[in-house]
Amino acid sequence: MTRRNGMPPVPWSPRMRAAAEVLQAYLDVETKLKHDLDTANRLDQTASQKALLGKISAAKLQTDAARAQMWIIHKEEQR
């Protein structure tokens with residue numbers, strides 16, 4: 001993949017790659033929970049819906065924290 005100006009993307013440091021893998025794992029969990037919620041909604045499983053909404057909220061917090069960690073790493077590496 002290249003940037004718009006034709007220059008290759010800057011390679012990520014091992015620390016940034018590790019943070020990206022963590023973020024991707026949290027995003028995958030969040031996506032799966034949302035799919036499970038869709039299924040629970042279709043099957044009208046109220047108890048499951050409430051539990052899944054709580055899990056989705058927790059997954060969003062973890063995802064936001066992982067994004068923040070990547071931003072911190074990015075800023076530290078620019079110094």
Spatial distance of atom CG (D64) from atom NZ (K60) [nearest 0.5 Å]: 9.0 Å
Enumerate the residue pairs fulfilling ring pair (Phe, Tyr, Trp, His ring centres under 6.0 Å) with a member in residues 17-43, sequence neighbours excluded, ordered by first and then second residue. none
Can you tell whether the side chains of R17 and E21 come within less than 4.0 Å, N to carboxylate O? no
Taking side chain as C-beta onward, heavy atoms only, is E30 less than 4.5 Å from K34? yes
Got a sec, which residues hit salt bridge (Lys or Arg N to Asp or Glu O under 4.0 Å) with K32, two or more places apart in sequence or on another chain? D36
Hey, quick one: are V22 and I73 part of the same hydrophobic cluster, counting side-chain heavy atoms closer than 4.5 Å, chains of contacts allowed? no
Side-chain heavy atoms nearer than 4.5 Å, only ILVMFWY residues, links allowed to pass through others: does that put V29 and L53 together? yes
Mind checking the CD-CD spacing from Q62 to Q69? Nearest 0.5 Å is all I need. 13.5 Å
Q49 versus D44, closest heavy-atom pair with distance: NE2-CA, 4.2 Å
What is the minimum heavy-atom distance between L27 and R67, and which atoms define it? CD2-NH2, 3.7 Å
With E77 via salt bridge (Lys or Arg N to Asp or Glu O under 4.0 Å) - residues at least two apart: none
Shortest non-hydrogen contact from L37 to I56? CD2-CD1, 3.7 Å
